[in-house]
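Chain naming here is simple, since letters A, B, ... match the order of the sequence lines and numbering starts at 1 in each.
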Protein chains: 2
Amino acid sequence: MNALGDPTRRMIFERLRRGPKAVGELADGLPVSRPAVSQHLRVLKEAGLVSERRDGTRRVYRVEPDGLAGLRAYFDRFWDEALAAYAAAAQTEEEG
Amino acid sequence: MNALGDPTRRMIFERLRRGPKAVGELADGLPVSRPAVSQHLRVLKEAGLVSERRDGTRRVYRVEPDGLAGLRAYFDRFWDEALAAYAAAAQTEEEG
DNA sequence: CCACTTCGTAAGTTGCCACTTACGGTAAGT
DNA sequence: ACTTACCGTAAGTGGCAACTTACGAAGTGG
């Protein structure tokens with residue numbers, strides 16, 4: 001969650017959702033240098049949102065479904081609770 | 001999305017999902033001062049995640065369902081695309 | 001009218017983090 | 001062995017944002 005706070009990191013993550021990409025590929029078209037992308041990928045990796053596969057001298061990164069599922073679960077739970085609280089408040093107001 | 005990057009702001013938002021709360025209420029129990037909470041609430045408000053209602057000298061904040069729905073939609077779309085890309089990659093590998 | 005509560009904002013400071021450049025390491029080709 | 005491609009990391013810097021304190025505005029009650 002903290003990991004997706006940075007806009008650049010979100011761009012990287014969004015590019016990765018289309019499919020696996022190497023670091024250089026990701027850096028092309030992004031307004032930051034390749035090392036910067038590399039550092040962002042480390043953060044995303046530590047957050048469990050991406051994983052890495054070595055392919056020769058290249059490192060191919062891809063979205064990690066489990067990490068993404070965690071985020072989804074977080075928001076689903078949030079959604080449910082918020083909606084329940086909302087309904088409860090509306091009913092309380094109706095009764096009062 | 002940027003708005004939920006900060007941990008303190010997430011705490012505030014999570015407290016708000018249980019139901020509406022005033023600024024002072026939110027600040028109690030949080031490790032930051034009341035003005036800090038107020039500033040965070042402004043950010044959340046500009047992001048469309050919370051809304052404000054005046055009640056005497058108090059300002060009661062609550063989660064804005066539309067904003068929350070936007071986040072949910074973002075992740076749903078992300079989830080779908082990532083999964084589709086994943087399935088496509090798996091099939092390509094199977095064929096190859 | 002005055003005291004009290006609740007809050008937003010202004011101003012200033014500090015710490016962090018996103019970024020760059022420079023470097024070293026590993027794999028593949030010739 | 002040499003070169004080239006691709007990448008992670010170290011080191012250093014700048015800017016931003018999260019925080020504090022201080023203050024003023026708006027509402028309520030005696």
Identify which nucleotide among D/dA18, C/dT20, C/dT9 has an atom closest to any side-chain atom of A/Ala36, counting heavy atoms from C-beta outward.
C/dT20
What integer distance in Å separates A/Glu52:CD from C/dT26:C1'?
13 Å
Select one nucleotide: of D/dC7, D/dA18, C/dC19, the one nearest the side-chain heavy atoms of A/Arg58.
D/dC7
Distance check needed: D/dA5 P versus A/Glu25 CD, whole Å only.
16 Å
Starting from P on D/dA17, measure out to CG on B/Leu4 and report it in whole angstrom.
16 Å
With the side chain defined as heavy atoms from C-beta on, A/Tyr61 is closest, among D/dA10, D/dG8, D/dC19, to D/dG8
Check whether any side-chain nitrogen or oxygen of A/Thr8 sits under 4.0 Å from OP1 or OP2 of C/dA18, and answer yes or no.
no
Take the protein atom NZ of B/Lys21 and the nucleotide atom C1' of C/dC7, then report the distance between them rounded to whole Å.
18 Å
Between D/dA18 (P) and B/Arg42 (CZ): distance, integer Å:
12 Å
Would a 4.5 Å heavy-atom cut-off, applied to side chains only, mark A/Glu14 and B/Phe78 as touching?
yes
Are A/Arg54 and D/dC6 close enough that a side-chain N or O sits under 4.0 Å from OP1 or OP2?
no
B/Leu41 CG to C/dC7 C1', straight-line distance once rounded to whole Å
11 Å
Please evaluate the base of D/dT20 for a donor-acceptor partner in the side chain of B/Gln39 within a cut-off of under 3.5 Å?
yes
What is the distance, rounded to the nearest whole Å, between atom CG of B/Asp28 and atom C1' of C/dT6?
12 Å
Do A/Tyr74 and B/Phe75 have ring centres separated by under 6.0 Å?
no
Can a side chain N or O of B/Ser33 be found less than 4.0 Å away from OP1 or OP2 on D/dT20?
yes
Name the residue closer to the 5' end of DNA chain D, choosing between B/Asp55 and B/Val37 according to the nucleotide with the nearest heavy atom.
B/Val37
Among the candidates D/dC7, D/dT20, C/dT9, find the nucleotide nearest to the side-chain atoms of B/Val32.
D/dT20
Donor-acceptor contact present, side-chain B/Arg10 to main-chain B/Leu4, <3.5 Å:
yes
Quick one: does any side-chain atom of A/Arg9 pair with a main-chain N or O of A/Ala3 as donor and acceptor, under 3.5 Å?
yes
Hey, which sits more toward the 5' end of DNA chain C by its nearest nucleotide, B/Val23 or A/Arg9?
B/Val23
For the pair B/Arg17 (side chain) and A/Glu81 (backbone), establish whether a donor and an acceptor sit closer than 3.5 Å, ignoring hydrogens and angles.
no
Quick one: B/His40 NE2 to D/dA18 C1', roughly how many Å, whole number?
6 Å
Given C/dC7, D/dC19, D/dC7, the nucleotide with the shortest approach to the side chain of A/Arg34
D/dC7
Starting the side chain at C-beta, find the nucleotide from C/dT6, D/dA5, C/dA10 nearest to A/Thr57.
D/dA5
